[in-house]
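For reference, the structure discussed in these notes is given below.
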Amino acid sequence: MSVMNVRRHHISGAALAAVTALGLGTLTACSSDSAAAGGTDKFDVVASFYPMAFLAEQIGGDHVNVTSLTEPGQEPHDLEISAKQTAQLQESDAALYLKGLQPSVDEAIGQSEVRTKIDAATLTSLEEHGAEVGGHAEESADEHAHEDEHAEEEHAGEHAEEEHGHSHETEGGKDPHIWLDPVKYAEVAEGVGKAFEKADPDHAADYKKNTEALVGKLNDLDTTFKTGLRDRKTDVFITTHAAFGYLAERYGLTEEAISGLDPESEPSGARVKELEKMAKADGVTTVFYETLVSDKTAKTLAGDAGLETDVLDPLEGITDESRGDDYFQVMEANLKALRTALGAK
């Protein structure tokens, strides 16, 4: 397993050389330079970022070798694919990604010759989620926002799409954060399981069994959220990252995002007043921030409005700062934080 773990992280040329030296016994008759990602005697899957890698590992079990293109702690929206990662794609059996979230991944997978390409966005229905700003849906940011920040700021006005100027939307203004709704994530899992069965029929029975087990756990998580949030004082929560639209919709909540703000900038006086007023009216107690982006904005607003701060993790990556080691543990931590913020009994 240590060989596989080194291979998965692709830390350096030296590490790759070590993999090649150590891993020859586990490889098929391919050349040693294929040790990077593909060419093992397993079903080699390149996943775009953590929620996709988690699905691949849970469904694939012992039959897969999963490599994530996004390193732990890296903000996935900002990922630029390296030449080494492009080469990995060519040698892999399958690529699992969420089209619209990471433009450089979409381009690299589109141009690669990998045999099985699985776009999670096609496995469930995506919806539009405008961030609520002053009681109306926020204007959609330009899809190519992070290529042209200035055009986007003019387009979306004061509440332009948030940090790094990148858009949190797929083509057509659809919200890609489907994994934060356990029901939608389960639908994606079912589609990924079927794709694995077709691409690697020798292990189809195990993929089917693993998929059913994962879907069962996701359904249980959905029940835990429904039960945990049933008796609450308020429906409204404030976040710096507009990632929780599907989760809010699933459980009858309202997400208010502090949009149009770079993580290093401070909210405008008008926006702070607006959120203070809304917080008082709706019994909001907490401003949520996330682990991969600065908490400065949340703390500024919370300080001015007399609110608490806490973490609501969009689960775009697991790091040492995460409240848990995997998807389920972090989602349960999110539920605990929401229960406290919403006054659930």
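Remember, predicted model here, so these are calculated numbers, not experimental data.
The ring pair (Phe, Tyr, Trp, His ring centres under 6.0 Å) search around Tyr185 returns Tyr327, not counting sequence neighbours. Judged as a side chain to side chain donor-acceptor pair (under 3.5 Å), and not counting sequence neighbours, Thr234 has no contacts. Evaluation of the side chain to side chain donor-acceptor pair (under 3.5 Å) rule for Asp181 yields Arg250 as partners, not counting sequence neighbours. Residues satisfying the side chain to side chain donor-acceptor pair (under 3.5 Å) test with Gln329, not counting sequence neighbours, are none. Partners of His63 by ring pair (Phe, Tyr, Trp, His ring centres under 6.0 Å), not counting sequence neighbours, listed by chain and number: His203, Tyr207. Remark: Asp326 engages no residue in a salt bridge (charged side-chain N to carboxylate O under 4.0 Å, His left out) (not counting sequence neighbours). For Lys117, there are no salt bridge (charged side-chain N to carboxylate O under 4.0 Å, His left out) partners two or more places apart in sequence or in a different chain. Legend: residues meeting salt bridge (charged side-chain N to carboxylate O under 4.0 Å, His left out) with Asp310, ordered by chain and number and at least two apart, are Arg323. Every residue two or more places apart in sequence or in another chain that forms a side chain to side chain donor-acceptor pair (under 3.5 Å) with Lys226 is listed here: Asp222.
Among all heavy-atom pairs drawn from Leu275 and Glu256, the shortest one is CD2-OE1, 4.2 Å.
No donor-acceptor pair closer than 3.5 Å links the side chain of Gln58 to the backbone N or O of Leu55. The closest donor-acceptor contact from the side chain of Thr340 to the backbone of Lys336 lies under 3.5 Å. At least one donor-acceptor pair closer than 3.5 Å links the side chain of Thr285 to the backbone N or O of Ala341. Side-chain atoms of Trp179 never come within 3.5 Å of backbone atoms of Glu316 as a donor-acceptor pair (strictly under, hydrogens ignored). A donor-acceptor pair is defined here as one N or O able to donate and one able to accept, closer than 3.5 Å; such a pair exists between the side chain of Glu75 and the backbone of His77.
Using modelled atom types, one finds a donor on one side chain and an acceptor on the other under 3.5 Å when comparing Gln102 with Thr70. Side-chain contact, Asp313 with Asn334: no donor N or O sits under 3.5 Å from an acceptor N or O. Counting only N and O atoms by type, the side chains of Thr239 and Glu255 include a donor and acceptor under 3.5 Å apart.
Residue pairs meeting the salt bridge (charged side-chain N to carboxylate O under 4.0 Å, His left out) criterion with at least one partner in residues 188-197, sequence neighbours excluded, do not occur; the list is empty. For residues 98-125, no pair satisfies ring pair (Phe, Tyr, Trp, His ring centres under 6.0 Å), with sequence neighbours left out.
The cluster map of Ile, Leu, Val, Met, Phe, Trp and Tyr, joined by side-chain heavy atoms under 4.5 Å apart, puts Ile118 and Phe43 in the same cluster. Phe49 and Val114 are members of different hydrophobic clusters when ILVMFWY side chains are connected at heavy-atom separations under 4.5 Å. Cluster membership check: Val192 shares its hydrophobic cluster with Phe328, using side-chain heavy-atom separations under 4.5 Å among Ile, Leu, Val, Met, Phe, Trp and Tyr. In the hydrophobic clustering of ILVMFWY residues, with side-chain heavy atoms under 4.5 Å counting as a link, Val183 and Leu247 come out apart. Criterion: ILVMFWY side-chain heavy atoms under 4.5 Å apart, direct or through other members. Under it, Val64 and Val215 are not part of a common hydrophobic cluster.
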Lys184 and Ser125: side-chain hydrogen bond (donor to acceptor under 3.5 Å, both in side chains), yes or no, with the steps?
-> CA-CA 8 Å; Lys184 285 195 174 294; Ser125 57; 2.9 Å; yes

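Apart from Val311 itself, the hydrophobic cluster it occupies contains Tyr289, where clustering links Ile, Leu, Val, Met, Phe, Trp and Tyr at side-chain heavy-atom distances under 4.5 Å.
Considering only heavy atoms from C-beta on, Lys209 comes within 4.5 Å of Asp206 through its side chain.
A side-chain contact (heavy atoms from CB on, under 4.5 Å) with Thr254 is found for exactly one of Val284, Ile238, Val236, Asp282, namely Val236.
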